[in-house]
Novice: 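Please find one structure pasted underneath; my questions will follow.
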Protein chains: 2
Amino acid sequence: MKAEELANLLAEHSLFADCDEAELSDLILRGHFVQYKKGDELIMQGDPGNSLLILLSGNARTSMIASNGHEVVLDYAEPGQVLGEIALLDGGDRTASVTAIEPTSALSITRAAFEEILSTHKNMALRLLKVMASRIRMANNMIEGDRAYTSGPRLARYLLRLSVVGAEEGRLKLDLSQSELGNFAGMSREHINRQLSSWSESQIVAVESGKVRILDHAMLSHIAEADS
Amino acid sequence: MKAEELANLLAEHSLFADCDEAELSDLILRGHFVQYKKGDELIMQGDPGNSLLILLSGNARTSMIASNGHEVVLDYAEPGQVLGEIALLDGGDRTASVTAIEPTSALSITRAAFEEILSTHKNMALRLLKVMASRIRMANNMIEGDRAYTSGPRLARYLLRLSVVGAEEGRLKLDLSQSELGNFAGMSREHINRQLSSWSESQIVAVESGKVRILDHAMLSHIAEADS
DNA sequence: TACCAAATGTGACTATTGTCACACGCACGC
DNA sequence: GCGTGCGTGTGACAATAGTCACATTTGGTA
């Protein structure tokens with residue numbers, strides 16, 4: 001793939017939109033392009049963390065398996081998202097796996113290259129700081145939601161998180177199976193099913209051929225803040 | 001307070017231990033010293049985030065109140081800890097409050113000063129990145145624990161998190177009331193009480209005059225990884 | 001010391017959610 | 001067309017943890 005194309009892919013998405021040309025070309029020069037099939041692991045829990053990925057296309061799921069086998073989905077990553085910074089920065093092992101849920105490509109950057117880029121381009125550090133700040137905010141939000149609310153409001157929150165902002169017809173960014181939704185929202189598949197059925201009756205969501213569509217965004221937001 | 005004393009306080013703790021003198025004096029020059037009584041709020045949920053704090057002495061609790069009134073304790077901060085970076089970096093409002101749980105002092109740094117320091121001392125950004133990386137790791141760990149485990153292992157985890165590494169007699173860093181422990185571990189006060197009583201019978205912990213002491217650290221660690 | 005407020009201990013009951021079991025339907029490949 | 005498998009729908013039941021109510025203890029202080 002040509003440098004220009006990579007540059008375009010990078011610049012299209014969030015974090016790197018306001019990079020100058022030197023930064024982009026440095027990223028591309030020092031990184032290398034990697035491709036994954038659906039189901040491949042971009043990052044594996046337990047491995048040492050010696051590189052960082054920038055998702056260029058496709059979609060991936062960040063999840064961890066607890067010592068009792070329980071799978072916890074932390075996030076779904078879109079193109080433009082940085083993955084694996086944590087282990088790279090603190091030198092620890094990867095605490096979560098990242099799995100491609102569709103054909104996916106990314107730019108991989110080694111620790112050495114990363115450090116060079118950070119020291120050459122001062123603005124990169126600040127940009128990364130901002131990304132990480134919003135990630136902490138999101139994580140705290142998850143903790144709050146998981147703790148403070150019962151399953152209904154919680155599922156509402158996770159559905160809203162999956163909903164596209166410019167919501168064409170309320171479709172979600174990702175069509176997750178009910179089991180996957182369960183791992184994301186922290187409830188059993190059966191419970192997800194019952195909750196969706198109930199909302200489907202009240203015209204809050206529609207479930208058509210396995211795909212969830214949000215019909216009443218306002219109502220769902222209201223449920224997400226509900227007392228119980 | 002004199003600059004030297006501040007410098008000593010800063011250097012005593014984690015993050016700033018390896019700052020050079022110029023960095024330390026810059027922090028002290030541009031920041032200002034603030035003191036709080038027990039119960040004071042260093043940071044208030046909902047406020048705009050225009051400053052960052054470095055805890056110098058005392059102890060503080062980071063917590064958020066959900067829209068349904070439920071209080072969630074995210075962390076307890078020790079001297080040396082940076083507080084309030086998130087809102088400062090991403091420009092959003094404070095999503096959590098920080099409350100002094102004993103007389104506490106801190107160095108307060110405005111956004112302008114913070115930006116100057118970051119651009120003057122390149123290493124500061126990298127240091128901050130590392131701090132934030134470990135914070136994300138901890139948050140993900142909380143999410144995993146809250147999701148994957150039942151109350152027993154969860155309480156074990158939070159007790160371990162409060163336990164001093166050099167454990168003199170298994171005392172905790174903080175003597176929390178059972179209600180506070182409940183807000184921290186995400187369970188009701190009564191449930192905490194029952195769980196502690198049960199562990200007390202099995203000699204895993206001791207509860208003396210309201211204070212928890214870990215007797216069998218290994219056993220508690222084992223419980224923290226348990227299947228249910 | 002004696003009082004008060006706050007923190008703790010404990011029983012009975014309830015609510016929420018998970019688990020198990022099994023039926024159904026739909027898509028895909030042989 | 002017909003299995004085979006995966007995702008889904010749903011009932012019955014079990015388990016975990018919360019709530020409520022109240023007794024008891026403790027610690028601080030007038």
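Every chain is numbered from 1 and lettered A, B, ... according to where its sequence line falls, protein lines coming before strand lines.
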Novice: Just the rounded figure in Å: distance from P of D:dC6 to CG of A:N193.
Specialist: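 The answer, rounded to whole Å, is 18 Å.
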
Novice: Nearest 0.5 Å, what's the CD1-OG1 distance between A:I101 and A:T104?
Specialist: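 Going from the CD1 atom of A:I101 to the OG1 atom of A:T104 covers 7.5 Å.
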
Novice: Please enumerate all residues that pass ring-ring contact (aromatic ring centres under 6.0 Å, His included) together with B:F114, with sequence neighbours excluded.
Specialist: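 So B:F114 forms no ring-ring contact (aromatic ring centres under 6.0 Å, His included) with any residue.
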
Novice: Rounding to a whole Å, what distance do you find between B:L155:CG and D:dA17:C1'?
Specialist: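 Whole-Å distance recorded here is 13 Å.
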
Novice: Applying the side chain to side chain contact (heavy atoms under 4.5 Å, CB included) test to B:T62, which of B:V73, B:L83, B:L42, B:T95 qualifies?
Specialist: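 When B:V73, B:L83, B:L42, B:T95 are each tested with B:T62, the side chain to side chain contact (heavy atoms under 4.5 Å, CB included) holds only for B:L83.
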
Novice: For the atom pair CD1 (B:I204) and CD1 (B:I214), what is the distance rounded to the nearest 0.5 Å?
Specialist: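 Separation between the atoms: 11.0 Å.
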
Novice: Which pairs with one or both residues in residues 59-108 of chain B pass ring-ring contact (aromatic ring centres under 6.0 Å, His included), sequence neighbours excluded?
Specialist: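 Those involving residues 59-108 of chain B are B:Y76-B:F184.
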
Novice: Which whole-number value in Å describes the distance from A:E208 CD to D:dG9 P?
Specialist: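 Going from A:E208 (CD) to D:dG9 (P), I get 12 Å.
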
Novice: Would you say the side chains of A:S57 and A:S105 form a donor-acceptor pair under 3.5 Å?
Specialist: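 Distance-only check passes for A:S57 and A:S105.
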
Novice: Before accepting this row, confirm whether a basic side-chain N of the pair A:R161/A:D75 lies closer than 4.0 Å to the acidic partner's carboxylate O.
Specialist: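 Judged by the 4.0 Å cut-off on N to carboxylate O distance, A:R161 and A:D75 do form a salt bridge.
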
Novice: With a 4.0 Å cut-off on N to O distance, would you call B:R94 and B:E41 a salt bridge?
Specialist: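 Not counted as a salt bridge, because no side-chain N and carboxylate O are separated by less than 4.0 Å.
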
Novice: Out of curiosity, B:E71 CD to B:R61 CZ, how far, rounded to the nearest 0.5 Å?
Specialist: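 Going from the CD atom of B:E71 to the CZ atom of B:R61 covers 5.5 Å.
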
Novice: Salt-bridged, B:E180 to B:R189, with N to O below 4.0 Å?
Specialist: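 Result for this pair is no, no salt bridge flagged.
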
Novice: Measure all distances between protein nitrogen or oxygen atoms and nitrogen or oxygen atoms of nucleotides 27-29 of chain C, and list the pairs falling under 3.5 Å.
Specialist:
none

Novice: Taking CD in A:E201 as the centre, count heavy atoms belonging to other residues, nucleotides or ligands within less than 6.0 Å. Is the count above 12?
Specialist: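 No, CD of A:E201 has 12 or fewer neighbouring heavy atoms, counting only those of other groups under 6.0 Å.
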
Novice: Please give me every residue in residues 172-184 of chain A whose heavy atoms get under 4.0 Å of an atom in DNA chain D, ordered by residue number.
Specialist: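 Only A:S177, A:Q178 qualify.
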
Novice: Polar atom pairs between nucleotides 18-28 of chain D and protein, under 3.5 Å, N or O only, would you list them?
Specialist:
from   : atom 1 : to     : atom 2 : distance (Å)
D:dG18 : OP2    : B:S188 : N      : 3.1
D:dG18 : OP2    : B:S188 : OG     : 3.3
D:dT19 : O4     : B:R194 : NH2    : 3.0
D:dC20 : N4     : B:E190 : OE2    : 3.2

Novice: I'd like to know whether B:N183 forms a side chain to side chain contact (heavy atoms under 4.5 Å, CB included) with B:V72, so could you lay out the CA-CA distance, the side-chain angles of the two residues, the decisive distance to 0.1 Å, and finally the verdict.
Specialist: CA-CA 6 Å; B:N183 287 334; B:V72 177; over 6 Å; no

Novice: If we fit an axis to the first five pairs and another to the last five of the helix from C:dT1-D:dA30 to C:dC30-D:dG1, what angle do they make, to the nearest 10°?
Specialist: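 Nearest ten degrees gives 30° for this helix.
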
Novice: Just the rounded figure in Å: distance from C1' of D:dC6 to NZ of A:K211.
Specialist: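 To the nearest whole Å, that distance equals 13 Å.
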
Novice: Do A:T99 and A:Y36 have a side chain donor and acceptor closer than 3.5 Å?
Specialist: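 Short answer, no.
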
